[in-house]
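Computed from a predicted structure; not experimentally measured. Chain letters run A, B, ... following the sequence lines, proteins first, then strands; residues in each count from 1.
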Amino acid sequence: MPPRKTQASGIRTVLFVALRQLWARKLLNGVALSGVSLGVLVLITMNGILHGFQEKFTESVLKISPHVSILDTEVRAPSTLLSQFEQTVVAAHVLHESPWERQTRIKRPRELARAIATIPGVEAVAPSVAGIATLDYGGKTQSVDLRGIEVSAQERVTPLEACVLEGKMSALEGSTDTVALGRSLATEMGVHVGSVVHALALGGRPLDLKVVAIYESGIPRVDRVRAYTLLRTAQVLLGKPDIIGRMEIRLADPADAMVVAEQLEVALGYDAESWQEANANFLSIFKMFGTIISFGISAILLVGGFGILAVQVMIVLQKQRDIAILRSIGLRQEDVLQIFLLQGIVISLVGGLIGDGLAKIAIHYLAQLKIKAEGFMKTDIFLVNDDPKMYVYGLAFALFVGVTASMIPAWRAAKVEPVDVLRGQIG
Amino acid sequence: MSEKGGILEARNICRSLGGTDGEGGHPVLRDISFSVPRGQFVALTGASGSGKSTLLYLLGALDRTSSGEIWLDGVEFGTLDDDERAEFRNEKLGFVFQFHFLLPEFTALENVAIPMMRRGLSRDESEERAYAMLSLLGLEALYAREPGQLSGGEQQRVSIARAIANEPKLILADEPTGNLDSENASQVVQIFRTLAHEHGRTVIMVTHDQHFADLADRRIALKDGQIVSDISAPGASV
């Protein structure tokens with residue numbers, strides 16, 4: 001018989017031997033495979049849950065919050081009262097400066113808004129004023145975060161109209177004595193569209209405001225305390241005539257908010273806050289959960305990897321004689337290495353695919369679960385993110401774990417010297 | 001190549017065990033030299049610990065000599081690296097062991113076909129030839145059985161079929177009859193004789209059994225790692 005050895009003949013033999021031996025040890029390999037499947041299942045579902053809630057929170061926050069807010073707090077060293085009059089550097093200052101004399105406004109807001117609107121990536125700018133007011137209705141008094149807005153400009157920054165349950169945000173423009181309330185706030189006070197609430201704030205003029213809209217943003221802390229009126233109404237109510245205290249900005253890409261906020265802060269000298277900064281405490285919770293989940297998933301995958309390692313090491317120890325036979329009939333060390341590596345790859349690949357399938361089913365059923373959650377985010381369904389990328393990552397992780405775990409036993413199998421085994425067996 | 005034209009030639013081979021890199025250690029084989037021509041059936045005899053199995057592993061390119069040379073079909077083993085030795089075993093050598101040593105997950109047919117697949121034949125072609133080999137040994141009806149479903153004698157015949165699968169120059173058998181009843185053992189020895197005399201294969205068989213050793217063309221006896229006698233049967237090919 002003429003020798004016709006090729007690279008393909010080696011691979012063909014390796015495949016044939018590896019797959020047959022794998023199939024012959026179904027129970028043992030099934031245990032290793034289950035570990036991998038479980039790891040991938042947990043990886044995908046836990047990530048899906050975390051990202052599902054995080055995305056819903058982010059979506060809700062971005063619906064009601066501007067991407068960047070410029071506040072009336074100057075970040076540069078405050079100028080002294082005397083320097084404002086002298087228009088130059090002075091070596092003296094006035095002691096006991098009264099709070100009302102401090103500069104708490106954004107200067108030349110219209111020009112600033114026009115300038116900000118020209119910055120690349122900025123989609124819309126809306127000036128507003130904010131302050132604390134109290135609303136009184138039927139003997140019930142609630143403290144509210146009052147926002148004075150220009151409805152059409154604000155709508156371009158934070159599309160509130162889509163959140164309205166009763167009435168219309170645009171109805172705010174119909175009269176100066178109107179207000180829009182969050183649903184929880186309205187429920188707490190017992191008001192409906194058409195109700196007239198009495199509003200007052202320190203230093204301002206009390207007003208009777210007609211409720212024209214009730215909205216629900218999905219963020220309980222907003223829906224419980226925030227009230228919207230026209231800009232000029234809020235200015236009167238809060239005693240801040242002609243004052244613009246906030247400049248809210250919408251960006252083409254919310255992910256750029258931190259960079260833009262930093263640039264605006266440096267350029268304008270006012271405190272500029274990104275939506276991430278404004279919600280840092282909540283986002284940090286997700287980050288912390290993410291870290292905890294990552295540890296959990298890593299531990300499970302590690303256990304899956306150890307499963308493969310333990311099974312493979314056991315098989316290598318049991319199969320010394322078979323390895324010696326294979327080597328004696330002409331398989332090279334490399335062929336033996338490939339047989340065990342291939343078995344690890346197949347276990348992890350099949351385990352990963354089963355894990356993917358189980359995760360798909362788990363996510364499908366989790367997404368149908370009805371829950372009632374109203375903490376920092378309101379939802380009545382279980383939020384799960386079904387991202388196809390996670391299935392690919394799951395498979396990739398499984399392969400990584402499988403190949404890594406197979407390395408040691410495969411290397412050990414390849415190093416088996418047939419003569420040592422045969423000498424031991426036969427004597 | 002052998003000076004005497006033999007297919008296999010051992011020249012002054014020594015093997016020590018327990019030392020480092022062949023140095024020191026306990027000498028198992030000392031200054032072994034012999035030559036075996038094509039088609040000869042040789043029995044290697046000796047007491048336990050005489051070094052016959054060690055010599056067989058050296059002749060089978062499974063182990064390395066401490067010193068000396070082994071030539072087979074014009075190739076000296078010492079010049080080959082591990083991969084080349086593996087290919088050499090696949091193409092030129094066939095092994096039969098005492099405990100049959102078949103791969104338990106594979107059928108008789110597949111056990112015989114694997115060396116041929118490794119050599120480069122397709123699976124279909126390998127299995128076709130493997131079936132022919134099994135038929136030659138009267139096992140065609142058992143081709144689909146796994147080793148666990150075969151008797152000891154049948155398993156040993158399957159391992160002989162595997163050993164001759166790639167039409168090797170040299171067949172090495174380590175106590176092939178040691179685990180068989182007398183009828184099966186006789187049958188196995190008869191197969192080796194046929195392979196040597198009718199198919200031109202060189203066969204070296206390690207055995208304890210004097211009766212089966214007497215059936216060989218030549219008997220090489222070892223004692224304490226040295227050849228103490230080398231007797232050819234009358235009329236045997238040399």
Practice task
Please report the closest heavy-atom contact between K319(A) and P104(B), naming both atoms and the distance.
Solution key: NZ-CG, 3.8 Å
Exercise for the section: Using a cut-off of 6.0 Å, state whether more than 12 heavy atoms not belonging to E128(B) lie near its atom CD. Expected result: no
Practice task
Please round to the nearest 0.5 Å and tell me the distance separating atom OG1 of T13(A) and atom CE of M116(B).
Solution key: 11.5 Å
Handout entry: From E105(B) atom CD to R20(A) atom CZ, the distance as rounded to the nearest 0.5 Å
Key = 9.0 Å
Fill in the blank from the handout: The reported gap from CZ in F101(B) to CD1 in I329(A) (rounded to nearest 0.5 angstrom) is 13.0 Å
Problem - Spacing of I114(B) atom CD1 and R12(A) atom CZ [to the nearest 0.5 Å] - result: 13.0 Å
Practice task
Can you see which heavy atom on A86(B) is nearest to which on R327(A), and at what distance?
Solution key: CB-NH1, 4.2 Å
Problem - Within 6.0 Å of CG in L369(A), more than 12 heavy atoms from elsewhere - result: yes
Exercise for the section: Would you indicate whether Y143(B), at its atom OH, is surrounded by more than 12 heavy atoms from other residues, nucleotides or ligands within a distance under 6.0 Å? Expected result: no
Handout entry: Y393(A) atom OH, neighbour heavy-atom count above 12 within 6.0 Å
Key = no
Handout entry: Distance (rounded to the nearest 0.5 Å) between D82(B) CG and E334(A) CD
Key = 12.0 Å
Practice task
Count the heavy-atom pairs under 4.5 Å between each of A324(A), A24(A), S328(A) and chain B, then report the option with the highest count.
Solution key: S328(A)
Problem - pair F106(B)-V17(A): side-chain heavy atoms closer than 4.5 Å - result: yes
Handout entry: Neighbour count >12 (heavy atoms, 6.0 Å) for atom CZ, F340(A)
Key = yes
Handout entry: CZ on R123(B) to CG on L15(A), rounded to 0.5 Å
Key = 11.0 Å
Practice task
For K26(A), look at atom NZ and say whether over 12 heavy atoms of other residues, nucleotides or ligands are found less than 6.0 Å away.
Solution key: yes
